[in-house]
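Single-structure report; data block below.
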Amino acid sequence: MERRNFIKISALTGVAATLDACRAPDKQLIRFIPEENLIPGIAVWKPSICTLCSAGCGLQVRVMQGDAEVERHGERGLIKMGLAKRLEGSPQNPINAGKLCARGQAGLQVLYHPDRITKPIKRSGARGSGQFQAISWDDALKELTSHLTALQASRSANALAFLARPLRGQRRELIEKFLTAFGAPPAVWYEPFDEAVLRQANLLSFGHAALPTLDLARADYVISFGADFLGTWNSPVAQSIGYGAMRRGRPGRRGKFVQVESRMSQTGANADEWIACKPGTEGVLALGIAHVILSQKLAPQSIASPAASRAGSQIAGWSAGLPEFTPEAVEKQTGVSAAVMTRLAHEMTLSGAAAAIVGGAPLAQTNGLFSALAVNALESLVDANRDEGPILGFTPEPPLSNAGEPAAPAQASFARLNSFAQSVLSGKAGTPQMLMLYDANPIFSAPPATKIREAIARIPTIVSLGSFIDETSAQADLILPDNAPLESWLDSVPESGSFQSLIGLAPPAVSPLHETRPMPDVLLGVAQHLGGDLAKALPYATFDAMLKAALLPLRAQGGSVAAKTDDDFWQSVQTQGGWWSAPAAAGWKSAAAKPAAMPQGKQASHALTAPEFAGSATDFPFYFQPYLTPSFGDGSTAHLPWMQELPDALTTAMWSSWVEIHPKTGAMLGIQQGDLVEIASQAGSLRVPAVLSPGIAPDLLAMPVGQGHENFGRFASGHGANPLSILAPVVEPSTGSLAWAATRVKLARVGGPEQAKLVLFAGGMSGFPHDEKPR
Amino acid sequence: MKVLYALYADPETAQRAVDALHAACSELNFDERQIVIISGEPHEGYDFADSHITRRPYGWAVFGAAIGAGCGYLLTTLTQRAYPIFTGGMPLSPMWTDGIIVYELTMLGAILTALITLLVGAKLPNFKGVIKDPEIWLGKILVGVADPLESSQQDVQECLLGAGAAEVKQFSGVSD
Amino acid sequence: MQKTVEQIEQDLQRPTGRTQRAAERIEQDLLRPIFTTSGKYKVAVAVSGLLVLAGVAAFGYQLYTGIGVWGINSPVFWAFDITNFVFWIGISHAGTLISAILRLCNATWRRPVTRCAEAITVFSIVIGGLIPLCHIGRPWLGYWLIPYPNQRGIWPNFRSPLLWDFFAILTYLTGSTTFLYLPTIPDFAAIRDASTGFRKKICRILSLGWQGTPRQWQRLEIAMHIMAIAIVPVAVSVHTIVSWDFSMTLVPMWHSTIFGPYFVTGAIFSGIAALILAMALLRHFLHLEQYLTPLHFNNLGKLLLTMSLLWFYFTFCERLTTWYGNTPDEMAVFWQSIRLHFAPLFWTMVICNLIIPVPILSMKRFRTITGTAIASSTIIVGMWIERFLIIVPALDHKFLPFSWGVYRPTWVEDTLMASSFGMMALLYLLFSKAVPMISIWEMKVGLQPHGGGIITTAPAIAEPHGLVLEGPLPTDVPE
Amino acid sequence: MAHKWGLVVDLDRCTGCEACVVACHAENNVPTVGKDQAAIGRAMQWIRVERSWEGDFPNPKVRFQPVLCQQCDAAPCEAVCPTYASYHTEEGLNGQAYNRCIGTRFCANACPYTVRSFNFFNPSWQKPLNLQLNPDVSVRSVGIMEKCTFCVQRIKSAEIQAEAEKRDLKDGELTTACAQSCASKALVFGDLNDPNSEVSRLASSNRAAKLMGELGTKPNVTYLDRGAWQDAKNS
Amino acid sequence: MHPEHPVQPIAFTHTVHLAKRMQCTTCHVGVSQGPDAQIPNVTFCMGCHMVIDTNNPEIKKIAAYQARGEDIPWVRVYNYSPSAHVRFNHAPHIRAGVACSTCHGDMTKQTTAERKVNLNMGFCVECHKQKRVSVDCDTCHF
């Protein structure tokens, strides 16, 4: 007996030590023969792609050998396999250049999540009861194909509905080809915050129906109307890299950043100047500034430029110099003083490269399109005809025919979901008999008016291809679990974030941990099985074959991968984690910079319409703005413990949701920090702790999106409340997309901090602004 | 061990008995050290209480304190040099912090030597030959002679009685 | 089996002189609690035993689940645990300091007080020493504080105030146990001779074969003299080192030079209060009315009064310098206790330590036994709060406002605190059963007309000051 | 010359996105403690992004400041640790030997920056989340204090690699997990003893300041103040 | 804790293998590259034992394992108690020329490996001091 152990066991309190030692050792699991030969302790970095938001950043996964408990031919045992230990940005990827955001790092927890579905399961209890029993893959596939053949047999092929998150790339191609070949209607692509208004505006203003790419590194002046570009909007990592360079990347030049919003976001917190304006009047403010520039001819060459004329023509009265948007008139509508507007106009035009961007809440109003067009017009005024190209541009299209991009302009998600739900509820002939789900959770994230829960309940058979049980997939009858992203072939066609056209491609970084199969292989397998034109449309055995077929034409384009033979090309594309066009060639002067030709025929110019809100101002005195957080997005990553425990940037709250209230409003209603308050709109009400914060307009309430899950794994269920559940179905008329910031609410205190149980990381700091100046 | 003794009520008579024994010790050929004096409480100021020995052996305590200080110094400096680990930008064994430990061990040394000198000086613990008589605890003082020769036993008794004791007792055998 | 009271009284049934009668009376009075166990004693032992068991159970639970069952969090990493530690080390100061100082200046009225005081010291330093081992995160590694040679070649870090604590408590524990044990050796001998059976065997060993030869008395006297001189600086150094646990850090309102004397004053202050309470309880339950007379309470009351004023002086100095200096970090902590979250606690402390005791103790009319007992109990409560208010507000509001915290105790901490009081009571009760709470032979020395020596040199009048033997001896036989 | 690791935090570039916080959790096996424990202030973060408000609506000002262990040269937490769990390494780091820590928590009280996290309970990663644990770093048990180590495991493996290839460590080759993941390049890690390293250059900028430097702890983390827009010229 | 004499599922004989002039690194491949000296899996063993000495009962056991698709469940001999938080790395030691026998004892005399050398901290610190290598705590503990 070694002396040290003797001392330890006979130490003052042997109780803990003995309890520790006699804990039953893991029942001796058998060991399987390792399938990969890795050197233990040495890390191998494998490329991959982050799928936790639509930015499509490139990853490099640190894979090391470790023991994992797996199941091989029915028996549980340990195996030495490559395990993903850490995610970092892939250095050569043009979008994120080796960097990664907070949510991207948590992709690991999706792979190793304890609530992942490990094998195909079939519903055994009532629908939504959550009772499932495991079945084998063969039975599961047999049942799926039997349902599909039944549909084909009964000539009601159009009774198959496919509900999925709007994908880009070969997975979208696969689903679209599968549905058309099957004869089913096109898929219902749904995500709650889908920026359809901005794409429509960019189509009208610049001829590109896509989200803009911002070269902030060259910017000297950026004015952003509501766009949280350092947190959740568009391509946050690329924009953060640019922002860092804008601030201190160029010795002697520091870009100025002005944020215009009614609730201070994490991006707004970094602004040199934060301007609060009434919700829905951001466009008016932009035109006020444009009016000053036009009237005082502050940027003569760009006023005459074709870009300015195209973007300007969208606004009624542009050619007349925006007579009704004089600074004084705008001041009355927006609450921003005329002097500030004139100063901004002068600063923008005198300080070199300037850009105006818009996104987020301003577009989520009934007059969202007008606001977007207005800011685009201001952008074209200050950012046009610069020799090294504008700050705001668009990622060039990838030189591929079937790149898997949505046809422009895509119909707004909310409109598609709403029409799908109404068609199901209407009960007319040809209503969907079978629904296939993939990575979409409308029951959680759609406003109640869509009645999507009742619609889905009415569909006889529901099959989910996702790997988690959430509110929507809990209704499924059959779940065929997908591999985790790090275990499957991934490809991405990022809409924005880089100035080179780019297609991401990555082989699986680790071998599957559970008995799951990748969704594309399942669909391809079913297609082969059903035969007919399905097999002809998708003649691939596995998804990587389909990827290879789709991407081989790129070899001719040169770009970042030079290879003589197809196989060499295919290998080096995998090792690099994708293909991107050469930087020089793609440079600014290419098509991206020049606006597309003016479409023929008279363009209908848009006049200002005041934003309408659901609920009268008397019964519901406050505007209500649900806002996205970097950790949860639309709620799809709320099940990750790292995200739940990441303190919110501004309120430092964790594991809970909250509503931000201005202290004066709070004082008026007797609300202290952490009290339980009830927020009610026309569509519903919820109870949530209050956080008094100076960064919000007194007549506005803001709440983070993502919490309030009732059925999404052990870490997400039962925390906080879901603001989307009280949104009224107000829509932006031209695109049909949901105006999620156009609901009015009323507020009342219902309890103290004990009931509210708000968890603050900065626990002691109850009040603000505390009088101590920070160090 | 056999002791012939007598109990005296107050220190004066006890002193007389002791003086008498001292005087008689030469001719009754027993040694001065054989005189046994036991009391239930210290009687300061009487000759028999050896209080005249004024030598106060603080020396031992100071010596013990010095040893403690030495141990403290060695402990703090040698151990740091054995496995030098730097903390807080301080030197390895700063004088000020080591001084505290040296001080503590000095006092510990002093206290322990005080205890040891007591035990050695008072020849504790010895469990053999403990003379017992309940009356000691009632304020009586026992004066007697240990193992007197047979011949001089009688004389010793007279001597004790002469000093004013009521009776002479005998204690013999090992204490329980 | 133990001899019953009647048997003892038979044995002692002998005609004796007047001083004998007094010595006999002392013998009886002080040995009675050892041999007779009253019902109340059993109840008291049961209650305090239960408390200790509850504490042990709570500690076992904390050990098994983890120290998170307490209420401590970041940044308040110390709260009840170190409050109790400082509180008990503080209580332990009165005993030795008072008995040592009173011995050194031969205050005759100290004779019945010394052993009660030294007993408090030893037991509270034992409890104080136990607490650090129970409050650390991994108690089974507590032995790493001991500088033992090991194969790793690693020694503890002697620059850490916790190591100074270890040495200080080690020295003080040895010192105060010796200081308690030496004068009890003769009493053990007395009990050895007066008892039978198991107690006799124990006392035979504990008395180390003490006889009572003049040489032994003289050696004992010298040892006590050296101990009295040595223990005073050790006692002062222990609580200074405990205060350095706080003032060695940069934490606002911890890092101040006043902490050394402030803690020593607080220690003596709470120590005397504990002593008075203990003496009052002993006097009532062990019927020592004739030994612990109002005079003792009067003298200790005066001492308590001076300490109360001295304590307030130090508190006022510290708060004034902080307020006047007005550095932002210090003021953040300052306002917490004066006006904000901890204000109620702060003002109860001032009431308990100053506003109630000073009037009671300053007027002779109130400075009776019950008066001093009331003052002492409020002071004990006040001093516990004072330690709490030194630790928690400073940690709560340390430097960076972002990481300020809130502390709320949990039931485990309350149980451990209650069990520390239970342990003190239990140890004290058991001690009073094993050893006479008042030193028998010292009282007898008090009877001597002219008494001599460090222990005896005071010019004792026939009747030891304050010891008036009225009424018949219980064993009095009509002449 | 021995390395002296240092970090520069450019407060003008930091956007408060907290990618560094999650990267640190992933790299160093820092546990999550759940809602109840977080509610009583026991969330464990080796690097936190402090946010402070100034002013009121309509123009409030926010300041983000990442705070981590400053690896002080005169660290108040080192001298007070009785068992040398907290000590100063030869490479200028404030080391934390987890095996020596007995959990007195004195270091956390002495630290003016409150950057030390304590394992109040045994951390638990529900299977298979435990497969994510980084094998290069130990998993701490109950009763142990832990804090930012400047990713000492990355420093060690980079040094061993450089030594294997018989060359010196190049500037920028070795970086901590937080600096690697920081998109706006606010965090720069490097060797302060190497005069032409990026971190030395930034540390000598006129915007450089130490967090609570007046306490005399001599921190090795330098903060570059956030300049106002107008004085862009003297960046 | 680690048993003094670990009983392995297969009575592997280092003596025989070393006698056949095999080097340690033949099987323990990872020792000069990474922290762990890799224990080969059953397919590696069967690589030779498909043909060599196949009727030896122990070799039959190995073949049985391979047939069942299982790897040999070796009992771990060298490891640090988790509370020691030691990060031992073989590669720099091998590169510094430390012989395997220094820490693992003379394997030519051992069948299944046993902890002949008491690998406590004193042993490592002593060697580090002799070789003028840092004995800073974070050399091994982090």
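These numbers come from a predicted model, not from an experiment. Naming convention: chains lettered A, B, ... in sequence-line order (proteins, then strands); numbering from 1 in each chain.
- Proximity to chain A involves both the backbone and the side chain of D:A177, based on heavy atoms less than 4.5 angstrom apart.
- Between D:P128 and A:E69, every side-chain heavy-atom pair lies at or beyond the 4.5 Å cut-off.
- For A:R116, no part lies under 4.5 angstrom from a heavy atom of chain D.
- Judged by distance alone, with hydrogens and angles left aside, the side-chain atoms of A:Q266 form a donor-acceptor pair with the main-chain N or O of D:T15 at under 3.5 Å.
- Most heavy-atom pairs under 4.5 Å with chain D: of the set A:Q105, A:K664, A:E645, this distinction falls to A:E645.
- Of all non-hydrogen atoms in D:A19 and A:C101, the two that sit nearest each other are CB-C, 3.8 Å.
- When heavy atoms are compared at a cutoff of 4.5 Å, D:E50 does not approach chain A at all.
- Contact annotation for A:A43: neither backbone nor side-chain heavy atoms come within less than 4.5 Å of a heavy atom of chain D.
- If you measure heavy-atom distances from A:P114 to chain D, the contacts under 4.5 Å come from both the backbone and the side chain.
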Next on the checklist: Run the side chain to side chain contact (heavy atoms under 4.5 Å, CB included) test on A:F715 and D:K35 for me, step by step, so that the C-alpha distance in whole Å, both residues' side-chain angles and the decisive distance to 0.1 Å come before the verdict.
Outcome noted: CA-CA 9 Å; A:F715 297 117; D:K35 178 170 185 168; over 6 Å; no
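- A donor-acceptor contact shorter than 3.5 Å links the side chain of D:R226 to the backbone of A:N270.
- Residue contact with chain D, scored on non-hydrogen atoms closer than 4.5 Å, is absent for A:A238.
- A:A84 touches chain D through its backbone: at least one of N, CA, C or O sits under 4.5 Å from a heavy atom, while the side chain does not.
- Proximity to chain D is absent for every atom of A:L87, based on heavy atoms less than 4.5 angstrom apart.
- Only the backbone of A:T651 comes within less than 4.5 Å of a heavy atom in chain D; its side chain stays farther off.
- Interface remark: D:A186 contributes no atoms to any contact with chain A (heavy atom separation under 4.5 Å).
- Proximity to chain D is absent for every atom of A:R103, based on heavy atoms less than 4.5 angstrom apart.
- When atom types are taken as modelled, the side chain of A:K85 and the backbone of D:L133 share a donor-acceptor pair closer than 3.5 angstrom.
- Neither the backbone nor the side chain of D:Y223 comes within less than 4.5 Å of any heavy atom of chain A.
- Between A:D272 and D:K61 there is no salt bridge, since none of the side-chain N atoms of the basic residue sits less than 4.0 Å from a carboxylate O of the acidic one.
- In this view, D:D10 and D:R13, D:R207 satisfy the salt bridge (Lys or Arg N to Asp or Glu O under 4.0 Å) rule, not counting sequence neighbours.
- Of the atoms belonging to A:M643, it is side-chain heavy atoms, and not backbone ones, that fall under 4.5 Å from chain D.
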Checklist entry - Where do D:S181 and A:K99 land on the side chain to side chain contact (heavy atoms under 4.5 Å, CB included) test, with the steps shown first? => result CA-CA 5 Å; D:S181 74; A:K99 302 297 175 182; over 6 Å; no
Next on the checklist: Pair A:H662, D:D56 - check side chain to side chain contact (heavy atoms under 4.5 Å, CB included), show working.
Outcome noted: CA-CA 9 Å; A:H662 190 272; D:D56 197 348; 3.3 Å; yes
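- Using a 4.5 Å heavy-atom cutoff, the side chains of A:F761 and D:V49 are not in contact.
- A donor-acceptor pair under 3.5 Å links the side-chain atoms of D:Q180 to the main chain of A:G98, judged by distance alone.
- Between the side chains of A:R86 and D:Q132, not a single donor N or O lies within less than 3.5 Å of an accepting N or O.
- Heavy-atom distances place both the backbone and the side chain of A:P647 under 4.5 Å from chain D.
- Using a 4.5 Å cut-off between heavy atoms, A:I241 touches chain D through backbone and side chain atoms alike.
- Contact count versus chain D (heavy atoms, under 4.5 Å) is highest, among A:P698, A:S631, A:A102, for A:A102.
- Heavy atoms closer than 4.5 Å to chain D are found in the backbone of A:D67, but not in its side chain.
- Between A:R248 and D:L224 there is no side-chain heavy-atom pair separated by less than 4.5 Å.
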Next on the checklist: With side chain to side chain contact (heavy atoms under 4.5 Å, CB included) as the criterion, how do D:T32 and A:Q109 come out once you've worked through the C-alpha distance, each side chain's angles and the decisive distance to 0.1 Å?
Outcome noted: CA-CA 12 Å; D:T32 51; A:Q109 296 202 314; 5.5 Å; no
